[in-house]
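Okay, so here's the structure we're looking at.
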Amino acid sequence: MGILNIMIAESTPNLFVDDLETPPLPLTTLAWKRFKRHRMAMLGGVFLILLVLYSFGGSLFVEEKYANFTNPPIRLNTPSWQHPFGTDTVGRDVLARTIYGGQISMIIGILAVIIETSLGILIGALAGYYGGTIDSLLMRFTEAMLNIPEIFLLIVMAKFFGNKIPNLTLLGRTFSGSVVVIIVIIGLTSWMYLARIVRAEFLSIKENDFILAAKATGTSNTEIIIRHILPNSIAPIIVSATLGIANAILSEAYISFLGLGVQPPTATWGNMLDGANNYIESAPWLWFFPGLLILLTVLSINFLGDGLRDAIDPHSRAI
Amino acid sequence: MDPEPLVIVEKLKKYFPVKKGLVFQKQSGFVKAVDEVSFEICRGETLGLVGESGCGKTTVGRTMLGLYPITEGKVVIEKLDIAKADRNKLHRLRQKAQMIFQDPYASLNPRWTVSAIISEPIWVHHLAHSEKEKIERVQELMKLVGLSPRLINRFPHEFSGGQRQRIGIARALASQPEFIVCDEPISALDVSIQAQVVNLLEELQDQFQLTYLFIAHDLSMVRHICDRVAVMYLGTLVESADRDELYENPLHPYTKALLSAVPIPDPKKDRMRHRIILQGDVPSPISPPSGCRFHTRCPMEKPHCGELVPVFKEAAPRHWVACHEIT
Amino acid sequence: MTRYILHRILQGIPLLFFISIILFVLMMNMGDPIATMGGRTATRPADRERLKRQLGLDKPIVVQYFYWLAGNDWTKIDLDGDGIGETYGERKGVLRGDFGYSLVNRGKPALAVIGERIPNTLILMVAAELVIILGSLLVGVYSALHQYSFTDHFITTLSFIGYSMPIFFIALLSMYIFAVLFKRWGLPYLPTVGMFDPQVGKTAGQVILHMILPVLSISVISLAAYSRYIRSTMLEVMNQDYIRTAKAKGLPRPQIVYIHALKNASLPIVTVIGLDLPLLLGGAVVTERIFAWPGMGRLFLDHVERGDLPVVMGILMLISVAVVVFQILTDIVYAWLDPRIRFG
Amino acid sequence: MCNFKKYSQLISVIVITLILIPACGPKTSASPKVTTFIFTQEFDTLNPLYSNMWFSQITLELWNGWAWNFNEKNEPVPYLVKEMPSIENGGISADGKTITVKLREDLKWSDGIPLTSEDFVFTYDMTISPKNAVATTYPYDQLASLEAPDKYTIVMKFNEPFAPWQATFWKGILPSHILKPVFENEGSIDNAEWNLKPTVGFGPYIFKEWESGSYTRFVANPNYWGPKPKIDEIFIRFVPDDASQINALEAGDGDLGTFIAYSDIPKLEQEGIKIIPAFSGYNEGMFFLISKERGHPAMLDVRVRQAIAMGIDRESIVKNLLLGKTAVPASYWDALPFYNTPPVQNYPYDPEASNKLLDEAGWVDSNNDGVRDKDGVELVLRYGTTTREVRQDTQAVVQQDLAKIGIKVNLLNYDSDVFFASYDKQGPAATGQLDIMQWSDTTNFPDPDYYYWYCDEIPSAENPQGANWQYLCDEELDSLFKLQATQVNPEERQKTYQKINQIFHDNVYWLGLWQDPDMWALGKRLSNYKISGVTPFFSIGEWEFSSGE
């Protein structure tokens, strides 16, 4: 206490070295400027907003009950004014189902990426920060997971977790337990690349003197990891998470397409396609609309991710 | 000055393991970065630690503050034995002992504002009771090191090297320390700025009765700021003495060689003096030479130098040296 | 170099162990292989009990893993259910090259089951990989040399679309267009499913004809990704000083591009291909399902459905081994392409 | 030896060709009659002892066979036997404990070796040998002994009269001259080559090759002891995808398909493809978890179950989802009219009656959330089935129907190896996690015997393989089931089943959704076929094929 009072008393204002003239642009502004130049990324962003509006805004016009309303007598009707995207095998409206399916697909995408990112950061950070045995163990594990092609791992995990999780009610809506399963397994099978990226970032950042300074200050390891290193490796994480959403939506579609995903009547774009497999010729609208929506979403996110990469992470270069 | 030294370092050893092997890594040896180093620093005193780069002086500084685990030996700061300290004691010590870094670019977190950087020790050690108090203290500290408090929300990349080093100093002061390890704080700065920073350090020392361990390879600046100077070679101390005694009357051949290389402002004198050029390269710290570590390059080398390790002894009052040839 | 390869191989062994344990634990909890045994009704209780014992499925997971790994021919097993082992087991274990017998194709070693499908998968995948490499080289180099031209923008956009395309969408769409609609319109059309028409036989012509659509579906995604990768690598290399020097020397443009630039640009591409190749061994699961291609991917799906642990583990371990081997091969090719790299 | 065989084959082919070319040169070429069948699943193994797979079992009629077949009316017809054993002809002893079977004397394997009672005994030995991991030992484990007094007689002895013998015994015979040496050498026939390449058989066709993932090929058996088959070669092509099967049938790439989805029938019929429904006893239906410990309390009340029966518009499901190609079964034994005489009455679709029953039972919507409740328990049921598309569609419709009468159901779907997993494997049905379970099932068709409702089949830690996933123990039902299994006299058995049927109906222990006959599609080039629900290819040797239209 005392020492500071002395400091105030004896500090002399004319000791100031030099003020800065023009403040340079903040990093975020710079990033936004770079991002805006990326026309395809802007377009992707706009499209994505539209798609989100379609899925989430659409529920203002169509009730979920309607999306699940079966009407067998009008099964497999071709698109018409009443059912612009046609009807499916039990006479449900495909348009309404793409709206609610989109919601689930996007929620799965986002939540799976949250799991993926948390796991990736946790494992990458522990391995990169502590090194040594922890690093070897975690990285061997990461490599082992990475060595098995994702789709195989997804299938095996989908069987492993299949229906072991009960249905959930959230915000007045009941979500099939299989939605949670899908989120978990996509999260569990996709964190490996991110873990590697984070580890590499941590390895290089922890060598900086400011980490040593923090240690000398007495800042705890957890605080160093969370407050010092993580913010410095955020750029590749954001890019990876953005692209991860696209991947998660695709993964959901793939496993649902293989019949191991979200179970009807909860619609997702992926499981809408699953049933369509037998109607390639006779009812192309069954697979065309959900397929197209997946394509558009993934495309928009990929464009967006590409732009973000250029904007906030100019070092990295990859597809 | 206190009769009791603030800092006592006794036979400090720091070895880094070297690993080798295909699948099962095994230790094949050590980098003996610091080997049996002993010195004391009294309260309010500045000890200069000099030596070539790679001789282990930075390691001494970092090991003393518990940033590296101590291999052997004893470090006591403010009556606290670092090697035996538990987490809590170490944490308290870190409030009392701080560090200023060489590279003002790498030592500041680029994603943090000045405010966050300087206040880190404050919140880590719970030195402020409110957010407002914290900000006020940061502003005080900024003024103290000569930075305009208006810049409090700026990021490090918006500052010059000298300004950044001031931020680093402010951070070190924030926890109200008594002992600061200055790890080559000026070597990365322009010469014109070096003097400013050194003066700042001196002023602060006077104001707050600070104790410094000043690590440097620049002997002239050390002479300016230090009370005592210790010379390191390949992980060991070869000589230590009060500043003037060391500069006027160096005993160890290595110190002599170092001092002979210091430029002297007067060109005439400079030309007159005898330059000692050392032969050979610095040996590897993994397998340092036996006996006196300097014997491979020593101009005064005798056969027994390679066999016996010289004792670090007081050759003159307050003048310690490790050499077989000096008694 | 030899030392390095040895190092990598030795590192690969614990990795494979790790993988096998993870997978085995997952597989053991995946469903009951004797629940229906492919039949239309549940297996009778008495038979379940007996089969579990005879197939060794009643053992604790650790024991099962150990039998899988090291075999059970050194211990007596109980076949008749009296709790006393009377005959020696027959399994040699994976370590001795025995992946056990398929639980589905009873009496067939898992390796034989897989082995029958490997050539089919390889035919499809090698063809696809060739299309991918050649196509992406052409596209990538072209758009790198004509950076920011209309064609470049067009190709870039197209490759993004290709990259974002779910494989089933392109597969279903192409099947609908080229097999269904073309037929309806009276145009020459492609077959929908299978590897060949059994009545004609497994002739080269048949296989090629049946291969077109699956190869197309598999290639689109990777082609897009690779060509973008090649484009950016080429651009980077083309801006290097030695290329400028070569230009300044007045070397003919094709020589610069194909000898200087491409060779150097090929380094990272080798890595990517090396990483991708073994994954192709597993086959595109989805593609093989849609086009009913008798490859490993479809085999995997069919046998996962029935909890056929030996075959599924066999496929996954085979792929894992391939991944490890290909990583080593990639490193070797890398060193061969780039004399600066030496492994010590 | 081997080379010589190939060589001689080659020569004979050349010689035959040389003879045939001038013979039929000027006329239309007598191209071999080759037909293609399409199966949506690939065989797991062809050894009848080792496979549960229906496709593998029905293919048996081509190259192997049952001792007696069942015709298109599902009546037994002698095949390997001279006549069906009966009490009248002395084949069945008066006490019903001994059955004597007389074999034909002209039977022989495709390699010329005679097929005798020795092969029957060998088949029995192999089935019950603990060294062979066969799919099922039933019904051979019911035998007290099996004897072969001479080459053409086998005597089956039981401890108790065994009623369902006709439907269960002698489905496929193993060649002892091929497999006995294998068994003696290897100690088991689990891994015999013959299992996957049964080149020796005794049916009208013999196995030629099996290309994994693609097809199996059968050719006419030159050594066949019956009338010469009319078709030369049969390809069985594996097409896992339903839509592709339909495409192939329409395009004429395949002449026969099965497991046709009801929704595809009109399209196929338009193309002139004949659809034949063959009853194999299967009925799709709901099983209910009726257990105090594990189930929903509402399911214990018969009125709730009756309300469910009347609350689901089953006729509409059959009419719309299955295009009216089948009917709603009134009892588990609908496909066996003899055991459903007089037929029980089906519950009508009557939501009002359902509501009334539920109100009576005390299940009312007291908190106005749209779901009935009682004593604080909501009427929410777990309804699980496999991932088959038509089942998922049914679930969606049922969910909506039941919502109308205030019952909420949560839908669950599982892969069949998970759904049917046993108690110790945490199967959802076996461990009582589902209040309503739906699957398609049959008795030992055409025999009514079943074991699902035995009290001692209730699964538990001590009985982890138990099959009574309803957890239902009805003592009366239990004793009736045990009684019928010993009633060799059909008339007596019929009476027992009347009682069983009535109990089932009154208590709604099982609710039929639709009769599930196998739908066969036969192309225009095939003719003279008859299809049985039990042994579909029983007359395969007589089938005709004409390529020229």
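Labels below follow one simple rule: chain letters A, B, ... track the order of the sequence lines, proteins then strands, and each chain is numbered from 1. All values below were derived from every heavy atom in this structure, side-chain atoms included, with hydrogens, water molecules and symmetry-related copies excluded.
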For the residue pair [X] and [Y], is the inter-centroid distance of their aromatic rings smaller than 6.0 Å?
| X | Y | answer |
| --- | --- | --- |
| D:F279 | D:F445 | no |
| C:W68 | C:F24 | yes |
| D:Y452 | D:W510 | no |

Picking from [options], which has the most non-hydrogen pairs under 4.5 angstrom with chain C?
| options | answer |
| --- | --- |
| D:L46, D:N195, D:D415, D:D190 | D:D190 |
| D:Y215, D:Y282, D:F235 | D:Y282 |
| D:Q41, D:E211, D:E193, D:E186 | D:E211 |
| D:V239, D:T442, D:D441 | D:D441 |
| D:W439, D:Y138, D:Y50 | D:Y138 |
| D:N47, D:N132, D:V134 | D:V134 |

Counting heavy-atom pairs under 4.5 angstrom with chain D, the leader among C:M195, C:E305, C:R106 is C:R106
Heavy-atom proximity to chain C below 4.5 Å, by part of [X]:
| X | result |
| --- | --- |
| D:F55 | neither |
| D:W194 | neither |
| D:S440 | backbone |
| D:K131 | both |

Indicate yes or no: at least one non-hydrogen side-chain atom of D:F218 is less than 4.5 angstrom from one of D:I236.
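Heavy-atom side-chain distance check passes, below 4.5 Å.
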Check whether any side-chain heavy atom of D:T386 lies under 4.5 Å from a side-chain heavy atom of D:F420, and answer yes or no.
yes
Would the distance check show the side chain of D:E457 and the main-chain N or O of D:A467 forming a donor-acceptor pair, the cut-off being under 3.5 Å?
yes
Per-residue contact mode, C:E116 against chain D (heavy atom under 4.5 angstrom):
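Contact with chain D involves the side chain of C:E116 alone.
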Could you note down all residue pairs passing side chain to side chain donor-acceptor pair (under 3.5 Å) where residues 48-62 of chain C supplies at least one of them, sequence neighbours left out?
C:D47-C:R50, C:R50-C:Q54, C:K52-D:D424
Could you give all pairs that pass the salt bridge (charged side-chain N to carboxylate O under 4.0 Å, His left out) test and reach residues 31-58 of chain D, with sequence neighbours left out?
C:R117-D:E42, C:R306-D:D44, D:K33-D:E544
